[in-house]
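Below is one structure, written out as structure tokens; the observations come after it.
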Amino acid sequence: MRNPVSVLSILTAALFANAAYAVDASDALVAKFNTVCAGAAPGSALAARCAVVLGSADPNARTNAADFNTLEELPGQGRLAARDLAPDSDGSKRTTQHVDLTPKLALFASVDAAWLARVSGGAEAPFDADTYALTLGLDWRPADRWQFGIALQHQNEHQDFRDSAGRFDQHTTGAIATASWQASDNIGLSAYSGWLRGSADTLRVVRFIDGATPVAERAHPDTRRAVAGFALDATVARGAWEWRYGVGYDWTRSTTNGYVEQGGSGFDLIVPQRQVKTSRARFDLGIARILSESWGVWQPQARISWRHEFQNPQRTIGVRFVEDTGGTLVAFDSAAPDRGWAEAALGAAFTFAHGNSAFVEWRHEFAHGPLRDDTLALGWRIEL
């Protein structure tokens, strides 16, 4: 009779055979440190740095040198690009009027500001970040219940890594097209697609085990981002109260071109092109109340949402050192994705005289692993 412990071991091994285990960036560099140093160009800064590390009497010299390279910042660079970018910031989902009641044209503007953090490390370095998006657009209603729009958007993202002076800044600008069809007074379909281009500024600070002055490694790669999605929204009125239901799908593809760092630390990196794809389902449940005032109508509202991620897989990043003539590849992983999380929102929509309306909303993500995300959205709309 087979030993039950052996059977359990076999089943456990089979169960986790395909599980993803993250390779830590520092561990990956320690494993390849001697090979990298063997390929260092004679007389180069890399050769000098290697001589200090390999000649040290400290048994932890290679580990410390690897940690001081802060390679774990690379997987987290541009993590803000994976945020939810569904373009509802024109206020069309927050006003009291349906599409078939709006005039032919409407202008809108909005600002979204967000504060994010990764509060624990692991495969990716912890960071604090902030971002804002400025959107200006035009809606056109060619026929009852149909509406088309075009919006210009500028996004600015700033990311500071907690354990060093490293940072990642990104600026993108582009256009997002929208379309919606109001099937009835209570059911609507909408879709969007957009493309943004820009650039990033990277800063990685390299320290040394001999206490030499840290060196800033910089690069300026181009970036681009594609977004698309669709949604089905429904409302059910109960007197002055209104229940809101929504399901949707959002897709993004964010690309950072490859780059070569410049700084002269000896550990200057060659970083290949990287791409992050997200594919998400979203489920929304909200409630609002219509209140009449002397100046117009306003709707306080609350919403709870669930997001499920289908893509954004764990990625392997392979880098090389500029002065390593052997071109040794140092490969390590990003963190495994969080497949599901929730979002709560509180806000209000305001309808004034002469076709003016506005909205404000605060959103907070929770149950999202080590990530924290809070967003404030403000917008104004005027019907022409």
Side-chain angles (χ1 to χ4, degrees), residues 80-100 108 110 112 114 133 135 137 139 145-151 153 155 174-196 225-236 242-254 276-288 299 301-312 337-347 349 359 361-368 371 373-375 377 379 381:
L80 281 66
R83 298 181 65 245
D84 186 359
L85 296 175
D88 60 354
S89 56
D90 63 354
S92 61
K93 295 182 182 178
R94 302 179 176 92
T95 58
T96 61
Q97 301 182 14
H98 296 299
V99 170
D100 58 331
F108 61 86
S110 68
D112 290 51
T135 305
D139 282 337
R145 300 188 182 276
W146 284 96
Q147 184 167 282
F148 300 93
I150 186 70
Q153 187 174 89
Q155 299 177 0
I176 299 177
T178 62
S180 62
W181 174 58
Q182 202 74 30
S184 69
D185 288 346
N186 305 103
I187 299 175
L189 292 169
S190 60
Y192 68 94
S193 180
W195 181 264
L196 301 95
R225 184 177 302 171
V227 299
F230 59 86
L232 170 65
D233 296 290
T235 60
V236 177
E242 183 179 76
W243 287 97
R244 298 176 177 180
Y245 309 90
V247 294
Y249 172 83
D250 302 294
W251 172 88
T252 68
R253 184 184 64 221
S254 301
V276 177
K277 291 183 180 180
T278 69
S279 178
R280 295 172 181 168
R282 51 189 171 96
F283 306 91
D284 303 326
L285 172 63
I287 188 170
Q299 284 184 306
Q301 47 201 320
R303 173 175 53 82
I304 188 75
S305 304
W306 180 257
R307 304 287 190 264
H308 181 81
E309 176 66 72
F310 296 102
Q311 287 192 315
N312 194 17
D338 191 354
R339 290 301 180 193
W341 63 93
E343 180 183 82
L346 293 173
F359 73 88
E361 186 177 65
W362 178 268
R363 301 190 290 267
H364 173 72
E365 287 187 358
F366 57 96
H368 199 176
L371 298 175
D373 189 337
D374 292 281
T375 302
R381 180 183 179 93

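Position 1 is the first residue of the sequence; numbering continues from there. The basis for the numbers below is simple: all heavy atoms, side chains too, and nothing from hydrogens, waters or symmetry mates.
- Side-chain contact check for Ser190 versus Asp233: some heavy-atom pair is nearer than 4.5 Å.
- Between Gln311 and Thr278, the side chains place no donor N or O within less than 3.5 Å of an acceptor N or O (distance only, hydrogens not considered).
- Using a 4.0 Å cut-off between charged nitrogen and carboxylate oxygen, Glu309 and Arg307 do not count as a salt-bridge pair.
- Counting only heavy atoms from C-beta outward, the side chains of Leu371 and Asp338 never approach each other to under 4.5 Å.
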* Could you give me the CA-CA distance, side-chain angles and deciding distance for Arg381 and Asp139, then say whether salt bridge (Lys or Arg N to Asp or Glu O under 4.0 Å) is met? => CA-CA 10 Å; Arg381 180 183 179 93; Asp139 282 337; 2.7 Å; yes
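- Under the 3.5 Å distance criterion, with hydrogens and angles disregarded, a donor-acceptor pair is assigned to the side chains of Asp284 and Ser305.
- Look at Arg244 and Glu242 and you find a salt bridge, because one of the NZ, NE, NH1 or NH2 atoms lies within 4.0 Å of a carboxylate O, short of that distance.
- Using a 4.5 Å heavy-atom threshold, the side chains of Ser254 and Arg225 count as touching.
- Tyr245 is linked by a ring-ring contact (aromatic ring centres under 6.0 Å, His included) to nothing, counting only residues two or more places apart in sequence or in another chain.
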* **Intermediate values then yes/no, side chain to side chain contact (heavy atoms under 4.5 Å, CB included), Leu196 and Gln153** => CA-CA 8 Å; Leu196 301 95; Gln153 187 174 89; 4.1 Å; yes
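- Among the candidates Tyr192, Trp251, Trp195, the single residue satisfying the side chain to side chain contact (heavy atoms under 4.5 Å, CB included) test with Val227 is Tyr192.
- For Phe310 and His308, the ring centers are positioned less than 6.0 Å apart.
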* To do: Could you please spell out the steps behind the salt bridge (Lys or Arg N to Asp or Glu O under 4.0 Å) verdict for Arg282 and Glu343?
  => CA-CA 10 Å; Arg282 51 189 171 96; Glu343 180 183 82; over 6 Å; no
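- Across all their heavy atoms, Phe148 and Ala179 have their closest contact at CD2-CB, 3.7 Å.
- The side-chain contact (heavy atoms from CB on, under 4.5 Å) search around Ala191 returns Phe230, not counting sequence neighbours.
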